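Okay, structure first, notes after.
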Amino acid sequence: MPKASDDDKNRFRDLIETVAHIPGVEVKPMFGQLGAFVNGNMFAGLFGSSIGVKLDEQGATQLRDLGGGPFGPEERPMGGYTTIPDVLEPQAWVERSAAYVGALPPKSRKK
């Protein structure tokens, strides 16, 4: 499994900081990587140096058409998430993902 470097983690945190104005946004460690959540729902993640986002079907199709692919381990990618290709500026995609996931019902805490 690829590990994110400190530079990758800092780049991810800086990117998520651009959507920190949305209430409920936070970055948490996740399986040795980082995940960005809004109201308890993950909207973006870091896997090695790759950033993946959760989008509506139209957005996911657009991102795949621009070269995005599965996000996460090759043998078991995360359903519903698409990797942002390195050739694209990720900020707009992260903003779009945060807005989409932020409109979903908050995740309820397990008892």
Side-chain angles (χ1 to χ4, degrees):
M1 181 161 9
K3 293 199 180 242
S5 69
D6 288 340
D7 286 343
D8 293 329
K9 291 176 182 180
N10 289 332
R11 179 176 62 102
F12 184 76
R13 285 186 186 101
D14 289 346
L15 184 59
I16 301 307
E17 187 65 31
T18 66
V19 295
H21 62 279
I22 298 172
V25 169
E26 60 184 330
V27 175
K28 298 180 192 178
M30 197 173 112
F31 308 112
Q33 309 289 336
L34 293 175
F37 298 80
V38 60
N39 299 324
N41 295 306
M42 189 168 124
F43 69 91
L46 181 67
F47 183 73
S49 63
S50 298
I51 296 171
V53 290
K54 184 171 188 165
L55 299 163
D56 61 12
E57 191 54 45
Q58 180 183 10
T61 298
Q62 288 174 340
L63 190 52
R64 285 191 299 269
D65 288 346
L66 293 169
F71 176 70
E74 189 175 326
E75 64 278 0
R76 192 170 176 190
M78 291 179 64
Y81 292 83
T82 306
T83 297
I84 302 170
D86 292 336
V87 296
L88 295 180
E89 171 54 48
Q91 185 173 351
W93 294 102
V94 167
E95 289 174 3
R96 189 170 176 176
S97 176
Y100 168 66
V101 174
L104 297 174
K107 189 162 196 155
S108 59
R109 295 191 182 263
K110 293 181 181 178
K111 295 180 181 179

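None of the values given here were measured: they were computed from a predicted structure.
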- Closest non-hydrogen atom pair between I51 and F12, with its separation: CG1-CD1, 4.1 Å
- Item | Whether over 12 other heavy atoms sit under 6.0 Å from E17 CD | no
- Item | Side chain proximity check, V25 to F43, heavy atoms < 4.5 angstrom | yes
- Query: Can you find a pair of side-chain heavy atoms, one from D86 and one from S50, that are under 4.5 Å apart?
  - Reply: no
- If you measure from CD1 on I16 to CZ on F37, what distance do you get to the nearest 0.5 Å? 10.5 Å
- Could you tell me whether the side chain of T61 and the main chain of E57 form a donor-acceptor pair under 3.5 Å? yes
- Message: Tell me the closest heavy-atom pair linking A98 and I22, and the distance in Å.
- Response: CB-CD1, 3.7 Å
- Query: Parallel, tilted or perpendicular: which describes the rings of Y81 and F71, with under 30° parallel and over 60° perpendicular?
  - Reply: tilted
- Message: Check this for me: D65, atom CG, are more than 12 non-hydrogen atoms of other residues, nucleotides or ligands nearer than 6.0 Å?
- Response: yes
- Hey, quick one: are M30 and F47 part of the same hydrophobic cluster, counting side-chain heavy atoms closer than 4.5 Å, chains of contacts allowed? yes
- Measure the OG-CG distance between S97 and D56 for me, rounded to the nearest 0.5 Å. 9.5 Å
- For M42, the option from K54, K107, M78 that meets side-chain contact (heavy atoms from CB on, under 4.5 Å): M78
- Query: Roughly how far, to the nearest 0.5 Å, is CG of D14 from NZ of K9?
  - Reply: 14.5 Å
- Quick one: closest heavy-atom pair of G48 and D8, and the distance? O-OD2, 3.7 Å
- Message: If I take atom CG from residue D6 and atom CZ from residue R11, how far apart are they, to the nearest 0.5 angstrom?
- Response: 13.0 Å
- Item | Hphob cluster co-occupancy, L66 + L15, side-chain heavy atoms under 4.5 angstrom | yes
- Message: For R96 versus Q62, what's the shortest heavy-atom pair and its separation?
- Response: NH1-OE1, 2.7 Å
- Taking all heavy atoms of I84 and all of P90, pick out the closest pair and write down the distance. CD1-CB, 3.9 Å
- Would a hydrophobic clustering, with Ile, Leu, Val, Met, Phe, Trp and Tyr connected at side-chain separations under 4.5 Å, put V101 with L46? yes
- Counting N and O atoms only, with roles assigned by atom type, does the side chain of T82 sit under 3.5 Å from a partner on the main chain of V53, one being a donor and the other an acceptor? no
- Which atom names give the shortest non-hydrogen contact between P85 and L63, and what distance separates them? CD-CD1, 3.8 Å
